[in-house]
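The structure under discussion appears below in the form of C-alpha coordinates.
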Protein chains: 2
Amino acid sequence: MPRSRANSRERAATTARKESILSTALECFAEHGVEATTISDIQARAHCSVGSIYHHFGSKEGVAEALFISGIERLNRGMLRRLGGCQSGQECVKSVVYFYSDWSARNQKLARYLHSRDVEFSPAARERLKSIHLAYITEIYRLFAPFVENGELRVLPLETYVPLISGAIQEYTRRWLSGQGSSPARVKELFADAAWNAVKA
Amino acid sequence: MPRSRANSRERAATTARKESILSTALECFAEHGVEATTISDIQARAHCSVGSIYHHFGSKEGVAEALFISGIERLNRGMLRRLGGCQSGQECVKSVVYFYSDWSARNQKLARYLHSRDVEFSPAARERLKSIHLAYITEIYRLFAPFVENGELRVLPLETYVPLISGAIQEYTRRWLSGQGSSPARVKELFADAAWNAVKA
DNA sequence: GCAATTACTAGAATTGTATTCTAGTAATTC
DNA sequence: GAATTACTAGAATACAATTCTAGTAATTGC
(Lines give C-alpha, C1' and ligand atoms only; values in the text may rest on other atoms or scores of the structure.)
Protein backbone atom coordinates (compact mmCIF):
# COMPACT_ATOMS: atom_id res chain seq x y z
CA MET A 1 0.00 0.00 0.00
CA PRO A 2 2.59 2.55 -1.06
CA ARG A 3 0.63 5.49 -2.36
CA SER A 4 -1.84 8.25 -1.61
CA ARG A 5 -3.71 7.72 1.66
CA ALA A 6 -2.73 9.03 5.07
CA ASN A 7 0.59 10.53 4.11
CA SER A 8 1.14 11.67 7.67
CA ARG A 9 4.38 9.73 7.67
CA GLU A 10 5.55 11.65 4.63
CA ARG A 11 7.66 14.68 5.35
CA ALA A 12 6.37 18.03 4.23
CA ALA A 13 9.55 18.60 2.24
CA THR A 14 8.86 15.37 0.38
CA THR A 15 5.37 16.35 -0.64
CA ALA A 16 6.71 19.69 -1.79
CA ARG A 17 9.44 18.08 -3.84
CA LYS A 18 7.04 15.64 -5.46
CA GLU A 19 4.68 18.44 -6.36
CA SER A 20 7.51 20.52 -7.69
CA ILE A 21 8.57 17.61 -9.89
CA LEU A 22 5.03 17.14 -11.18
CA SER A 23 4.45 20.79 -11.94
CA THR A 24 7.82 21.06 -13.64
CA ALA A 25 7.01 17.97 -15.66
CA LEU A 26 3.75 19.56 -16.80
CA GLU A 27 5.64 22.63 -18.00
CA CYS A 28 8.12 20.47 -19.91
CA PHE A 29 5.47 18.19 -21.37
CA ALA A 30 3.44 21.20 -22.47
CA GLU A 31 6.45 22.73 -24.17
CA HIS A 32 8.00 19.73 -25.87
CA GLY A 33 5.66 16.78 -25.43
CA VAL A 34 6.24 13.79 -23.22
CA GLU A 35 8.59 11.89 -25.50
CA ALA A 36 10.82 14.84 -26.22
CA THR A 37 11.10 15.75 -22.55
CA THR A 38 14.10 14.14 -20.88
CA ILE A 39 14.57 13.31 -17.24
CA SER A 40 17.45 15.80 -17.30
CA ASP A 41 15.10 18.56 -18.45
CA ILE A 42 12.81 17.94 -15.51
CA GLN A 43 15.64 17.39 -13.07
CA ALA A 44 17.36 20.63 -14.05
CA ARG A 45 14.23 22.79 -13.94
CA ALA A 46 12.96 21.24 -10.72
CA HIS A 47 16.40 21.67 -9.11
CA CYS A 48 16.61 18.09 -8.00
CA SER A 49 18.65 15.03 -8.90
CA VAL A 50 17.93 12.15 -11.21
CA GLY A 51 17.89 9.81 -8.23
CA SER A 52 15.23 11.86 -6.55
CA ILE A 53 12.84 11.54 -9.48
CA TYR A 54 13.38 7.80 -9.67
CA HIS A 55 13.01 7.44 -5.93
CA HIS A 56 9.61 9.11 -6.00
CA PHE A 57 8.16 7.98 -9.31
CA GLY A 58 10.14 4.96 -10.46
CA SER A 59 10.32 6.00 -14.12
CA LYS A 60 9.52 8.73 -16.58
CA GLU A 61 6.28 6.95 -17.34
CA GLY A 62 5.61 6.97 -13.60
CA VAL A 63 5.87 10.75 -13.60
CA ALA A 64 3.51 10.99 -16.55
CA GLU A 65 1.00 8.69 -14.89
CA ALA A 66 1.11 10.46 -11.55
CA LEU A 67 0.58 13.79 -13.28
CA PHE A 68 -2.36 12.41 -15.23
CA ILE A 69 -3.99 10.84 -12.20
CA SER A 70 -3.59 13.88 -10.01
CA GLY A 71 -5.05 16.03 -12.79
CA ILE A 72 -8.10 13.81 -13.18
CA GLU A 73 -8.60 13.84 -9.45
CA ARG A 74 -8.46 17.61 -9.33
CA LEU A 75 -10.95 17.91 -12.16
CA ASN A 76 -13.35 15.40 -10.62
CA ARG A 77 -13.10 16.96 -7.19
CA GLY A 78 -13.84 20.39 -8.57
CA MET A 79 -16.78 19.09 -10.54
CA LEU A 80 -18.35 17.32 -7.57
CA ARG A 81 -17.89 20.38 -5.38
CA ARG A 82 -19.61 22.50 -7.98
CA LEU A 83 -22.50 20.08 -8.45
CA GLY A 84 -23.04 19.72 -4.72
CA GLY A 85 -24.81 23.04 -4.59
CA CYS A 86 -27.27 22.47 -7.43
CA GLN A 87 -31.00 22.54 -6.73
CA SER A 88 -32.53 21.14 -9.92
CA GLY A 89 -31.68 18.55 -12.55
CA GLN A 90 -31.38 21.21 -15.18
CA GLU A 91 -28.99 23.26 -13.07
CA CYS A 92 -26.97 20.13 -12.37
CA VAL A 93 -26.64 19.13 -16.00
CA LYS A 94 -25.82 22.57 -17.26
CA SER A 95 -23.31 23.07 -14.47
CA VAL A 96 -21.36 20.08 -15.74
CA VAL A 97 -20.89 21.82 -19.07
CA TYR A 98 -20.10 25.21 -17.55
CA PHE A 99 -17.63 23.79 -15.08
CA TYR A 100 -15.88 21.68 -17.67
CA SER A 101 -15.51 24.58 -20.02
CA ASP A 102 -14.38 27.03 -17.32
CA TRP A 103 -11.96 24.60 -15.73
CA SER A 104 -10.34 23.82 -19.08
CA ALA A 105 -9.89 27.49 -19.83
CA ARG A 106 -8.40 28.11 -16.39
CA ASN A 107 -6.10 25.06 -16.53
CA GLN A 108 -5.18 24.91 -20.17
CA LYS A 109 -1.88 23.09 -19.90
CA LEU A 110 -3.27 20.46 -17.60
CA ALA A 111 -6.47 20.10 -19.64
CA ARG A 112 -4.42 19.69 -22.76
CA TYR A 113 -2.33 17.05 -21.08
CA LEU A 114 -5.39 15.18 -19.82
CA HIS A 115 -6.80 15.10 -23.32
CA SER A 116 -3.66 13.71 -24.78
CA ARG A 117 -3.26 10.25 -23.36
CA ASP A 118 -4.33 7.43 -21.14
CA VAL A 119 -3.68 4.52 -23.40
CA GLU A 120 0.07 4.31 -23.07
CA PHE A 121 -0.09 3.69 -19.36
CA SER A 122 0.83 0.67 -17.30
CA PRO A 123 -1.89 -1.81 -16.40
CA ALA A 124 -1.63 -0.65 -12.80
CA ALA A 125 -2.25 2.98 -13.73
CA ARG A 126 -5.12 1.97 -15.98
CA GLU A 127 -6.73 0.04 -13.15
CA ARG A 128 -6.29 3.02 -10.90
CA LEU A 129 -7.95 5.30 -13.44
CA LYS A 130 -10.80 2.89 -13.91
CA SER A 131 -11.51 2.79 -10.22
CA ILE A 132 -11.27 6.57 -9.94
CA HIS A 133 -13.73 6.87 -12.80
CA LEU A 134 -16.11 4.37 -11.25
CA ALA A 135 -16.08 6.21 -7.94
CA TYR A 136 -16.67 9.43 -9.84
CA ILE A 137 -19.65 8.34 -11.90
CA THR A 138 -21.13 6.62 -8.87
CA GLU A 139 -20.96 9.92 -7.03
CA ILE A 140 -22.32 11.77 -10.06
CA TYR A 141 -25.20 9.35 -10.25
CA ARG A 142 -25.88 9.78 -6.55
CA LEU A 143 -26.25 13.52 -7.18
CA PHE A 144 -28.46 12.96 -10.19
CA ALA A 145 -30.60 10.21 -8.70
CA PRO A 146 -33.12 12.48 -6.97
CA PHE A 147 -33.86 14.18 -10.27
CA VAL A 148 -34.23 10.87 -12.05
CA GLU A 149 -36.61 9.77 -9.33
CA ASN A 150 -38.73 12.90 -9.45
CA GLY A 151 -39.05 12.49 -13.21
CA GLU A 152 -36.98 15.51 -14.23
CA LEU A 153 -34.28 13.35 -15.87
CA ARG A 154 -34.59 10.29 -18.11
CA VAL A 155 -33.72 6.84 -16.88
CA LEU A 156 -30.67 5.75 -18.88
CA PRO A 157 -27.84 3.23 -18.68
CA LEU A 158 -25.44 4.44 -16.00
CA GLU A 159 -22.42 4.82 -18.23
CA THR A 160 -24.23 6.96 -20.83
CA TYR A 161 -24.87 10.02 -18.68
CA VAL A 162 -21.33 11.35 -18.76
CA PRO A 163 -20.85 11.05 -22.54
CA LEU A 164 -24.33 12.41 -23.27
CA ILE A 165 -23.85 15.41 -21.02
CA SER A 166 -20.21 16.27 -21.48
CA GLY A 167 -19.09 14.46 -24.63
CA ALA A 168 -19.85 17.35 -26.96
CA ILE A 169 -18.20 20.08 -24.89
CA GLN A 170 -15.23 17.81 -24.27
CA GLU A 171 -14.76 17.25 -27.98
CA TYR A 172 -15.13 20.95 -28.70
CA THR A 173 -12.66 21.81 -25.95
CA ARG A 174 -10.20 19.22 -27.13
CA ARG A 175 -10.17 20.79 -30.58
CA TRP A 176 -9.89 24.26 -29.14
CA LEU A 177 -6.92 23.24 -27.00
CA SER A 178 -5.18 21.90 -30.05
CA GLY A 179 -5.70 25.15 -31.91
CA GLN A 180 -8.98 24.83 -33.76
CA GLY A 181 -12.04 27.02 -33.35
CA SER A 182 -12.71 29.68 -30.75
CA SER A 183 -12.92 29.65 -26.97
CA PRO A 184 -15.53 27.34 -25.42
CA ALA A 185 -16.75 30.32 -23.38
CA ARG A 186 -18.44 31.65 -26.51
CA VAL A 187 -20.44 28.51 -27.19
CA LYS A 188 -20.98 26.96 -23.80
CA GLU A 189 -24.66 27.96 -23.61
CA LEU A 190 -25.23 26.06 -26.82
CA PHE A 191 -23.57 22.95 -25.42
CA ALA A 192 -25.32 23.29 -22.07
CA ASP A 193 -28.70 23.36 -23.81
CA ALA A 194 -27.79 20.36 -25.92
CA ALA A 195 -26.71 18.45 -22.81
CA TRP A 196 -29.95 19.27 -21.08
CA ASN A 197 -32.01 18.16 -24.07
CA ALA A 198 -30.12 14.88 -24.20
CA VAL A 199 -31.04 13.78 -20.70
CA LYS A 200 -34.20 15.65 -19.67
CA ALA A 201 -37.30 13.50 -19.33
CA MET B 1 7.01 18.00 -52.55
CA PRO B 2 7.88 14.58 -51.21
CA ARG B 3 4.68 13.05 -50.02
CA SER B 4 1.23 11.81 -50.92
CA ARG B 5 0.01 13.12 -54.29
CA ALA B 6 0.42 11.43 -57.67
CA ASN B 7 2.53 8.53 -56.49
CA SER B 8 2.75 7.19 -59.99
CA ARG B 9 6.51 7.50 -59.77
CA GLU B 10 6.48 5.29 -56.69
CA ARG B 11 7.08 1.63 -57.31
CA ALA B 12 4.37 -0.80 -56.34
CA ALA B 13 6.82 -2.67 -54.12
CA THR B 14 7.49 0.57 -52.29
CA THR B 15 3.84 1.23 -51.54
CA ALA B 16 3.48 -2.33 -50.35
CA ARG B 17 6.49 -2.06 -48.07
CA LYS B 18 5.30 1.21 -46.58
CA GLU B 19 1.88 -0.23 -45.91
CA SER B 20 3.39 -3.34 -44.41
CA ILE B 21 5.46 -1.17 -42.08
CA LEU B 22 2.41 0.84 -41.05
CA SER B 23 0.20 -2.15 -40.40
CA THR B 24 2.96 -3.88 -38.47
CA ALA B 25 3.47 -0.71 -36.46
CA LEU B 26 -0.24 -0.67 -35.59
CA GLU B 27 -0.01 -4.24 -34.30
CA CYS B 28 3.01 -3.38 -32.19
CA PHE B 29 1.55 -0.12 -30.88
CA ALA B 30 -1.68 -1.90 -29.98
CA GLU B 31 0.20 -4.60 -28.09
CA HIS B 32 2.79 -2.55 -26.22
CA GLY B 33 2.04 1.11 -26.76
CA VAL B 34 4.05 3.51 -28.89
CA GLU B 35 6.82 4.21 -26.40
CA ALA B 36 7.44 0.59 -25.56
CA THR B 37 7.57 -0.41 -29.22
CA THR B 38 11.09 -0.33 -30.63
CA ILE B 39 12.17 0.16 -34.19
CA SER B 40 13.62 -3.35 -33.97
CA ASP B 41 10.21 -4.77 -33.07
CA ILE B 42 8.67 -3.24 -36.17
CA GLN B 43 11.63 -4.04 -38.38
CA ALA B 44 11.66 -7.71 -37.35
CA ARG B 45 7.91 -8.25 -37.71
CA ALA B 46 7.69 -6.36 -40.98
CA HIS B 47 10.71 -8.28 -42.35
CA CYS B 48 12.58 -5.18 -43.39
CA SER B 49 15.68 -3.34 -42.27
CA VAL B 50 16.13 -0.40 -39.97
CA GLY B 51 17.36 1.66 -42.91
CA SER B 52 14.19 0.97 -44.80
CA ILE B 53 11.99 2.37 -42.07
CA TYR B 54 14.14 5.49 -41.77
CA HIS B 55 14.23 5.93 -45.52
CA HIS B 56 10.44 5.94 -45.72
CA PHE B 57 9.40 7.63 -42.50
CA GLY B 58 12.45 9.46 -41.13
CA SER B 59 11.87 8.53 -37.50
CA LYS B 60 9.75 6.45 -35.16
CA GLU B 61 7.58 9.51 -34.61
CA GLY B 62 7.26 9.72 -38.39
CA VAL B 63 5.82 6.22 -38.44
CA ALA B 64 3.37 7.10 -35.68
CA GLU B 65 2.29 10.25 -37.49
CA ALA B 66 1.86 8.57 -40.85
CA LEU B 67 -0.24 5.86 -39.23
CA PHE B 68 -2.39 8.43 -37.48
CA ILE B 69 -2.89 10.51 -40.58
CA SER B 70 -3.75 7.56 -42.80
CA GLY B 71 -6.20 6.34 -40.17
CA ILE B 72 -7.97 9.70 -39.97
CA GLU B 73 -8.14 9.84 -43.75
CA ARG B 74 -9.70 6.40 -43.93
CA LEU B 75 -12.25 7.28 -41.30
CA ASN B 76 -13.15 10.58 -42.97
CA ARG B 77 -13.36 9.01 -46.41
CA GLY B 78 -15.67 6.30 -45.15
CA MET B 79 -17.86 8.82 -43.40
CA LEU B 80 -18.22 11.04 -46.44
CA ARG B 81 -19.02 8.05 -48.64
CA ARG B 82 -21.71 7.00 -46.22
CA LEU B 83 -23.23 10.46 -45.96
CA GLY B 84 -23.25 10.94 -49.70
CA GLY B 85 -26.32 8.77 -50.02
CA CYS B 86 -28.46 10.46 -47.38
CA GLN B 87 -31.75 12.08 -48.38
CA SER B 88 -32.73 14.05 -45.29
CA GLY B 89 -31.03 16.03 -42.55
CA GLN B 90 -32.16 13.57 -39.96
CA GLU B 91 -30.80 10.63 -41.91
CA CYS B 92 -27.53 12.49 -42.39
CA VAL B 93 -27.07 13.33 -38.73
CA LYS B 94 -27.99 9.89 -37.46
CA SER B 95 -25.76 8.27 -40.06
CA VAL B 96 -22.78 10.09 -38.59
CA VAL B 97 -23.41 8.40 -35.26
CA TYR B 98 -24.10 4.98 -36.78
CA PHE B 99 -21.09 5.09 -39.01
CA TYR B 100 -18.78 6.24 -36.26
CA SER B 101 -19.95 3.52 -33.96
CA ASP B 102 -19.82 0.78 -36.61
CA TRP B 103 -16.44 1.84 -37.94
CA SER B 104 -14.91 1.87 -34.47
CA ALA B 105 -16.21 -1.60 -33.75
CA ARG B 106 -14.89 -2.89 -37.07
CA ASN B 107 -11.48 -1.19 -36.71
CA GLN B 108 -10.87 -1.40 -33.00
CA LYS B 109 -7.11 -1.27 -33.00
CA LEU B 110 -6.99 1.67 -35.34
CA ALA B 111 -9.83 3.46 -33.55
CA ARG B 112 -8.07 2.97 -30.26
CA TYR B 113 -4.90 4.35 -31.74
CA LEU B 114 -6.69 7.37 -33.19
CA HIS B 115 -8.18 8.15 -29.81
CA SER B 116 -4.84 7.99 -28.10
CA ARG B 117 -2.88 10.91 -29.42
CA ASP B 118 -2.39 13.88 -31.64
CA VAL B 119 -0.66 16.24 -29.30
CA GLU B 120 2.79 14.71 -29.33
CA PHE B 121 3.21 15.28 -33.03
CA SER B 122 5.54 17.54 -34.94
CA PRO B 123 4.28 20.95 -36.00
CA ALA B 124 4.28 19.73 -39.60
CA ALA B 125 2.03 16.79 -38.78
CA ARG B 126 -0.23 19.01 -36.73
CA GLU B 127 -0.59 21.39 -39.65
CA ARG B 128 -1.35 18.49 -41.92
CA LEU B 129 -4.04 17.24 -39.54
CA LYS B 130 -5.53 20.68 -39.26
CA SER B 131 -5.84 21.03 -42.98
CA ILE B 132 -7.28 17.54 -43.31
CA HIS B 133 -9.83 18.43 -40.66
CA LEU B 134 -10.70 21.68 -42.34
CA ALA B 135 -11.24 19.96 -45.68
CA TYR B 136 -13.36 17.39 -43.91
CA ILE B 137 -15.67 19.74 -42.05
CA THR B 138 -15.99 21.88 -45.14
CA GLU B 139 -17.18 18.83 -47.04
CA ILE B 140 -19.46 17.84 -44.16
CA TYR B 141 -20.95 21.28 -44.16
CA ARG B 142 -21.46 21.15 -47.92
CA LEU B 143 -23.50 17.98 -47.39
CA PHE B 144 -25.45 19.52 -44.54
CA ALA B 145 -25.99 22.91 -46.14
CA PRO B 146 -29.13 21.98 -48.10
CA PHE B 147 -30.81 20.87 -44.90
CA VAL B 148 -29.78 24.01 -43.10
CA GLU B 149 -31.21 26.03 -45.97
CA ASN B 150 -34.51 24.17 -46.09
CA GLY B 151 -34.89 24.75 -42.36
CA GLU B 152 -34.48 21.14 -41.23
CA LEU B 153 -31.25 21.89 -39.33
CA ARG B 154 -30.32 24.82 -37.09
CA VAL B 155 -27.90 27.50 -38.17
CA LEU B 156 -24.85 27.13 -35.91
CA PRO B 157 -21.17 28.09 -35.85
CA LEU B 158 -19.39 25.88 -38.35
CA GLU B 159 -17.05 24.21 -35.89
CA THR B 160 -19.82 23.19 -33.49
CA TYR B 161 -21.61 20.70 -35.75
CA VAL B 162 -19.05 17.92 -35.41
CA PRO B 163 -18.81 18.06 -31.59
CA LEU B 164 -22.57 18.42 -31.17
CA ILE B 165 -23.31 15.48 -33.42
CA SER B 166 -20.50 13.07 -32.71
CA GLY B 167 -18.94 14.26 -29.44
CA ALA B 168 -21.09 12.06 -27.24
CA ILE B 169 -20.71 8.84 -29.23
CA GLN B 170 -16.98 9.52 -29.56
CA GLU B 171 -16.59 9.86 -25.82
CA TYR B 172 -18.68 6.76 -25.20
CA THR B 173 -16.64 4.81 -27.75
CA ARG B 174 -13.36 6.04 -26.32
CA ARG B 175 -14.32 4.70 -22.93
CA TRP B 176 -15.52 1.43 -24.42
CA LEU B 177 -12.24 0.97 -26.29
CA SER B 178 -10.35 1.43 -23.08
CA GLY B 179 -12.40 -1.20 -21.34
CA GLN B 180 -15.34 0.61 -19.75
CA GLY B 181 -19.01 0.03 -20.47
CA SER B 182 -20.62 -2.10 -23.14
CA SER B 183 -20.47 -2.03 -26.93
CA PRO B 184 -21.65 1.17 -28.65
CA ALA B 185 -23.91 -0.99 -30.80
CA ARG B 186 -26.26 -1.34 -27.84
CA VAL B 187 -26.68 2.37 -27.26
CA LYS B 188 -26.18 3.93 -30.66
CA GLU B 189 -29.90 4.69 -31.14
CA LEU B 190 -29.79 6.71 -27.96
CA PHE B 191 -26.80 8.70 -29.16
CA ALA B 192 -28.27 9.13 -32.65
CA ASP B 193 -31.44 10.62 -31.19
CA ALA B 194 -29.43 12.92 -28.94
CA ALA B 195 -27.37 14.08 -31.92
CA TRP B 196 -30.48 14.78 -33.90
CA ASN B 197 -32.04 16.75 -31.05
CA ALA B 198 -28.90 18.83 -30.73
CA VAL B 199 -28.96 20.16 -34.28
CA LYS B 200 -32.52 19.89 -35.58
CA ALA B 201 -34.29 23.19 -36.15
C1' DG C 1 20.61 12.46 24.17
C1' DC C 2 22.27 8.94 21.14
C1' DA C 3 22.46 4.69 18.39
C1' DA C 4 19.86 2.55 14.81
C1' DT C 5 16.82 2.91 11.25
C1' DT C 6 14.49 4.90 7.66
C1' DA C 7 13.63 8.41 4.03
C1' DC C 8 15.59 10.85 0.85
C1' DT C 9 19.24 12.86 -2.46
C1' DA C 10 23.23 12.88 -5.37
C1' DG C 11 25.61 11.87 -9.42
C1' DA C 12 28.56 8.43 -11.81
C1' DA C 13 28.23 4.13 -14.45
C1' DT C 14 25.52 1.16 -17.35
C1' DT C 15 22.34 -0.27 -20.73
C1' DG C 16 19.42 -0.03 -24.31
C1' DT C 17 17.36 2.08 -28.28
C1' DA C 18 16.77 5.76 -31.79
C1' DT C 19 19.25 7.59 -35.31
C1' DT C 20 23.07 8.15 -38.63
C1' DC C 21 26.27 6.55 -41.90
C1' DT C 22 28.53 3.82 -45.44
C1' DA C 23 28.04 0.64 -48.74
C1' DG C 24 25.75 -1.53 -51.34
C1' DT C 25 21.67 -3.63 -55.00
C1' DA C 26 17.75 -3.21 -58.02
C1' DA C 27 15.01 -0.50 -60.95
C1' DT C 28 14.51 3.53 -64.36
C1' DT C 29 15.88 6.88 -67.41
C1' DC C 30 18.22 8.71 -71.27
C1' DG D 1 23.90 -0.06 -71.61
C1' DA D 2 25.74 3.73 -68.87
C1' DA D 3 24.17 6.92 -65.51
C1' DT D 4 20.98 8.07 -62.20
C1' DT D 5 17.73 7.37 -58.85
C1' DA D 6 15.10 4.65 -55.38
C1' DC D 7 15.56 1.66 -52.13
C1' DT D 8 17.64 -1.72 -48.60
C1' DA D 9 20.97 -3.48 -45.42
C1' DG D 10 23.26 -3.57 -41.14
C1' DA D 11 27.20 -1.81 -38.51
C1' DA D 12 28.63 2.28 -35.85
C1' DT D 13 27.25 6.20 -33.00
C1' DA D 14 25.00 9.13 -29.84
C1' DC D 15 21.98 10.01 -26.43
C1' DA D 16 18.73 9.35 -22.82
C1' DA D 17 16.43 6.16 -19.41
C1' DT D 18 17.53 3.56 -15.76
C1' DT D 19 20.43 1.42 -12.17
C1' DC D 20 23.80 1.51 -8.65
C1' DT D 21 26.75 3.02 -4.90
C1' DA D 22 27.48 6.14 -1.61
C1' DG D 23 26.18 9.19 0.83
C1' DT D 24 23.21 12.92 4.19
C1' DA D 25 19.29 14.36 6.90
C1' DA D 26 15.41 13.21 9.62
C1' DT D 27 12.93 10.00 12.90
C1' DT D 28 12.39 6.38 16.07
C1' DG D 29 13.27 3.52 20.06
C1' DC D 30 15.75 3.30 24.07
Side-chain angles (χ1 to χ4, degrees), chain A residues 1-25 28-29 31-67 117 120-122 124-125, chain B residues 1-25 28-29 31-67 117 120-122 124-125:
Chain A
M1 217 166 294
R3 187 91 23 109
S4 86
R5 178 169 8 89
N7 286 7
S8 40
R9 284 160 51 85
E10 194 175 88
R11 275 191 276 158
T14 299
T15 311
R17 172 129 291 181
K18 280 166 89 170
E19 270 166 19
S20 128
I21 291 171
L22 287 184
S23 66
T24 304
C28 294
F29 292 168
E31 274 172 40
H32 311 109
V34 178
E35 290 210 22
T37 296
T38 71
I39 292 289
S40 293
D41 293 341
I42 300 174
Q43 169 258 311
R45 276 174 72 167
H47 307 294
C48 72
S49 74
V50 173
S52 185
I53 294 178
Y54 278 87
H55 173 75
H56 290 302
F57 299 102
S59 68
K60 183 172 139 179
E61 201 57 24
V63 175
E65 292 174 353
L67 179 60
R117 46 185 22 245
E120 296 279 275
F121 290 167
S122 68
Chain B
M1 219 167 293
R3 189 81 37 99
S4 87
R5 179 171 3 88
N7 288 6
S8 42
R9 285 159 50 84
E10 193 176 88
R11 277 191 274 157
T14 299
T15 312
R17 171 127 295 180
K18 281 166 88 170
E19 272 167 16
S20 128
I21 291 171
L22 287 183
S23 66
T24 303
C28 294
F29 292 169
E31 274 172 40
H32 311 109
V34 177
E35 290 210 21
T37 296
T38 70
I39 292 289
S40 293
D41 293 342
I42 300 174
Q43 168 258 312
R45 276 174 73 166
H47 306 295
C48 72
S49 73
V50 173
S52 185
I53 294 178
Y54 278 87
H55 173 74
H56 291 303
F57 299 102
S59 67
K60 182 172 137 178
E61 201 57 24
V63 175
E65 291 174 353
L67 179 60
R117 46 181 29 240
E120 296 280 277
F121 291 165
S122 67

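Bear in mind that the values here come from a model prediction, so they are computed numbers and not experimental data. Chain naming here is simple, since letters A, B, ... match the order of the sequence lines and numbering starts at 1 in each.
Of the residues near DNA chain D, A/Thr37 and A/Gly51, the one whose nearest nucleotide (by heavy atom distance) lies more toward the 5' end is A/Thr37.
For B/Ile53 and D/dA6, the CD1 to P distance is 20 Å, given to the nearest whole Å. We find that CD1 of B/Ile39 is positioned 15 Å from C1' of D/dT8, with the value rounded to whole Å. Going from atom CD of A/Glu35 over to atom P of D/dC15 covers 18 Å, rounded to whole Å. Rounded to whole angstrom, the span from the CD1 atom of A/Ile42 across to the C1' atom of D/dA17 amounts to 11 Å. Across the protein-nucleic acid pair, A/Gln43 atom CD and D/dA17 atom P stand 11 Å apart, rounded to whole Å. Between A/Tyr54 atom OH and D/dT21 atom P the separation is 17 Å, expressed in whole Å. If you take NE2 of B/His32 and C1' of C/dT17, they are 16 Å apart, rounded to a whole angstrom.
Out of C/dG11, D/dG10, C/dA10, the shortest distance to the side chain of A/Val50 is found at C/dG11. Comparing C/dT9, C/dG11, D/dA17 by their nearest atom to the side chain of A/Lys60 picks out D/dA17. Distance from the side chain of B/Ser49 is smallest to D/dT8 among D/dT8, C/dA10, C/dT19. For A/Thr38, whose side chain is taken as the heavy atoms from C-beta onward, the closest listed nucleotide among C/dG11, D/dA16, C/dA18 is D/dA16.
The phosphate of C/dA26 (OP1 or OP2) has no side-chain N or O of B/Arg17 nearer than 4.0 angstrom. For the pair A/His55 and C/dT9, the criterion of a side-chain N or O lying under 4.0 Å from OP1 or OP2 is not met.
Considering all non-hydrogen atoms of both residues, B/Leu22 and B/Ala66 come closest at CD2-CB, 4.0 Å. Of all heavy-atom pairs between A/Asp41 and A/Ala36, the closest is OD2-O, 3.9 Å. Contact detail for A/Ser122 and A/Glu65: the closest heavy-atom pair is N-OE2, 2.8 Å.
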Go through it in stages, so that I can follow the logic: the residues are A/Thr38 and A/Gln43, the test is side chain to side chain contact (heavy atoms under 4.5 Å, CB included), and I'd like the CA-CA distance, side-chain angles, deciding distance and then a yes or no. CA-CA 9 Å; A/Thr38 71; A/Gln43 169 258 311; over 6 Å; no

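A/Glu31 pairs by the salt bridge (charged side-chain N to carboxylate O under 4.0 Å, His left out) definition with A/Arg45, not counting sequence neighbours.
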